[in-house]
Asker: 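One structure, pasted below without further comment.
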Number of protein chains: 2
Amino acid sequence: MPLPRSERTATTAVPEATVARLPVYHRALVALAERGATTVSSEELAAAVGVTSAKLRKDLSLLGSYGTRGVGYEVDYLLYQISRELGLTQDWPLVIVGVGNLGRALANYGGFSSRGFRIVGLLDPDPEIVGEKIGADFLVEVRPLDELEDVVTEAGVLIGVIATPAHAAQAVCDRLIAAGVRSIMNFAPLVVAVPPGVSVRSVDLGLELQVLAFHEQRKLGREEVRS
Amino acid sequence: MPLPRSERTATTAVPEATVARLPVYHRALVALAERGATTVSSEELAAAVGVTSAKLRKDLSLLGSYGTRGVGYEVDYLLYQISRELGLTQDWPLVIVGVGNLGRALANYGGFSSRGFRIVGLLDPDPEIVGEKIGADFLVEVRPLDELEDVVTEAGVLIGVIATPAHAAQAVCDRLIAAGVRSIMNFAPLVVAVPPGVSVRSVDLGLELQVLAFHEQRKLGREEVRS
DNA sequence: CTGCATTGGAGTACACGTGCACAAGCGCCT
DNA sequence: AGGCGCTTGTGCACGTGTACTCCAATGCAG
Ligand SMILES: NC(=O)c1ccc[n+]([C@@H]2O[C@H](COP(=O)([O-])OP(=O)(O)OC[C@H]3O[C@@H](n4cnc5c(N)ncnc54)[C@H](O)[C@@H]3O)[C@@H](O)[C@H]2O)c1
Ligand SMILES: NC(=O)c1ccc[n+]([C@@H]2O[C@H](COP(=O)([O-])OP(=O)(O)OC[C@H]3O[C@@H](n4cnc5c(N)ncnc54)[C@H](O)[C@@H]3O)[C@@H](O)[C@H]2O)c1
């Protein structure tokens, strides 16, 4: 006899596209809850996040049947289920390697702790920076790069953030993984190679701008033709 | 008689998925050029960026026939063609609204100018910040938020970056568009609504972490089952 | 100049993700 | 108690994007 769906995390594979949208639903639901809403229809929620209601319902149905036909979804309950599915009900310790412009901005950002992420380590090789205390909720001291392995092992860190210059990124990545990290968030503008089983998400702000520039150029081209 | 393909930007629609990969190819080619390579085969380049060679070739063939059979692609030439397609051969002025942790990091980042992006405006309502001079290549003075429309119009800005708190993002977005901006890069954790014809790319760092946490939780779940 | 090995480009089959439309189910009102 | 309207959940068809296969074009060696 299978467990009721509400009592387990979905074992069926959730499409990557859906996974990417779940945090967006989460955000919108938090906003709704703060506004005091108790229930929400798929139509409303879909409009808030900019997707079609059919897609939203299909996404949610992959996690389980958490809605009530004729009524909609109970905000608190759905919020909890998505949080659980995303692993937001537990605490994720993370380290940031490279405390320059970007690493500093991340460390100062207060929005991570509310979603269950806790910065337990800041690493940088620059002696000028080491020893500095940075943080939004609570201060974390910047430690020398040599202590990377210690920090990761001690706190059981599974998620690492790379905010170093590009030339150092692969080496840092290798060390993180060797120390036990299994998910990498990479800001350096290059493709880091990782062994199977390790997840990587690269965020390249320059790349995003280039995509925008491409579309902008297309718009300009179209206008030229039309005139 | 149609123009030879090499003399025009591709008029056939380029798939969004391909557009997203072009900057990655661009990056890899720059690295290859710096290393002194003159030609590169589809196999090599594909390995460098982590895609299959077939996909790479199909992507490139959408832009034109820039390769030589039996040899590969000439690095400089291909680089130029991709740059042209992406609109990197021209200069894109951009404004950043909100000079906090993140806006400051972006303004201090030197990697944009080399790809044709030039920061011409930094806007912030905080009088403490206004007047400050920030920049990597050349300094830009932070101006009061009221002058947003002036800056955009004067410099003919088409791309705007939103790095304000979430509650201010939509208002800022509306003002940018009203002033003439047609592409938005948004860092605030919400979905901004824009009229048709305006492109938006949202980068939510918290969202990326949540996706990683999801996969991490999945891995943990699998291990539990196995033990 | 010829033959051969190499490599891009086009064509084809497949998988994934999306949108549509409808049946199933719940609550409310009579 | 029963029917009615509302919203969910889902099967199905479509389109887009991806992986694979084949072939001809091309450079190079002899
Ligand atoms: N700042 C931005 O807005 C921005 C935008 C796009 C991409 N990036 C990328 O993010 C990364 C960081 O950018 P940044 O502006 O913070 O750079 P930064 O130069 O300000 O900071 C880099 C930090 O890494 C440290 N570092 C140097 N060598 C290291 C090594 N071998 N191991 C570990 N740490 C080392 C430095 O001491 C420094 O503190 C870069 O790869 C950059 O390309 C940044
Ligand atoms: N810093 C990060 O690492 C990080 C990570 C993820 C998301 N974000 C998001 O990026 C945005 C900026 O983050 P931050 O850390 O730089 O915040 P911040 O508070 O440091 O900076 C925000 C800046 O916006 C300015 N501002 C306030 N109200 C404004 C208004 N009405 N119009 C224009 N400007 C206004 C403030 O004066 C301040 O300088 C936020 O939405 C945040 O959620 C930041």
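Because the structure is a prediction, the values reported are computed rather than measured. Side-chain atoms are counted along with the backbone in the values below, which use heavy atoms only and exclude waters and symmetry mates. In the text below, chain A, chain B and the rest are named by the order of the sequence lines, each starting its count at 1.
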Asker: Is there a donor in the side chain of B:K58 and an acceptor in the side chain of B:T18, or the other way round, less than 3.5 Å apart?
Answerer: no

Asker: Is there a side-chain contact between A:M185 and B:L205 in this structure, where contact means two heavy atoms from C-beta onward sitting under 4.5 Å apart?
Answerer: yes

Asker: For a quick check of understanding: with a heavy-atom distance under 4.0 Å over all strands, which category does B:E43 fall into, base, sugar-phosphate or nothing?
Answerer: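 Nothing, no heavy atom under 4.0 Å.
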
Asker: Whole-Å distance between D:dT26 P and B:Y73 OH?
Answerer: 14 Å

Asker: Let me know, please, whether A:G70 or A:K58 comes out on the 5' side of the other along DNA chain D by nearest nucleotide.
Answerer: A:G70

Asker: Take the protein atom CG of A:L60 and the nucleotide atom C1' of D:dT8, then report the distance between them rounded to whole Å.
Answerer: 10 Å

Asker: OP1, OP2 of D:dT26 versus side-chain N and O of B:T68: anything below 4.0 Å?
Answerer: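 Answer no for this pair, as no side-chain N or O of B:T68 is under 4.0 Å from OP1 or OP2.
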
Asker: Pairing donors with acceptors under 3.5 angstrom, does anything connect the side chains of A:R57 and A:S42?
Answerer: yes

Asker: Whole angstrom is fine here: how far is it from NZ in B:K55 over to P in D:dT16?
Answerer: 18 Å

Asker: Starting at atom CD of A:E16, determine the distance to atom P of C:dA15, rounded to an integer number of angstrom.
Answerer: 19 Å

Asker: Round to the nearest Å and state the distance from B:L78 atom CG to C:dT7 atom C1'.
Answerer: 15 Å

Asker: Where the side chain of B:A54 is defined as all heavy atoms beyond and including C-beta, which of C:dG27, D:dC20, C:dG9 is the nearest nucleotide?
Answerer: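 Given the options C:dG27, D:dC20, C:dG9, the side chain of B:A54 is closest to D:dC20.
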
Asker: Under a plain distance cut-off of 3.5 Å, with no hydrogens placed, do B:E216 and A:S183 share a side-chain donor-acceptor pair?
Answerer: yes

Asker: Starting at atom CD of B:E44, determine the distance to atom C1' of C:dG8, rounded to an integer number of angstrom.
Answerer: 14 Å

Asker: Between D:dC4 atom C1' and A:R69 atom CZ, what is the distance in whole Å?
Answerer: 17 Å

Asker: Rounded to whole Å, please give me the gap between OH in B:Y77 and P in C:dG8.
Answerer: 15 Å

Asker: Using a heavy-atom cut-off of 4.0 Å across all strands, would you classify B:A17 as base, sugar-phosphate, or nothing?
Answerer: sugar-phosphate

Asker: If you find the nucleotide of DNA chain C closest to A:T18 and the one closest to A:R57, which residue's nucleotide is nearer the 5' end?
Answerer: A:T18

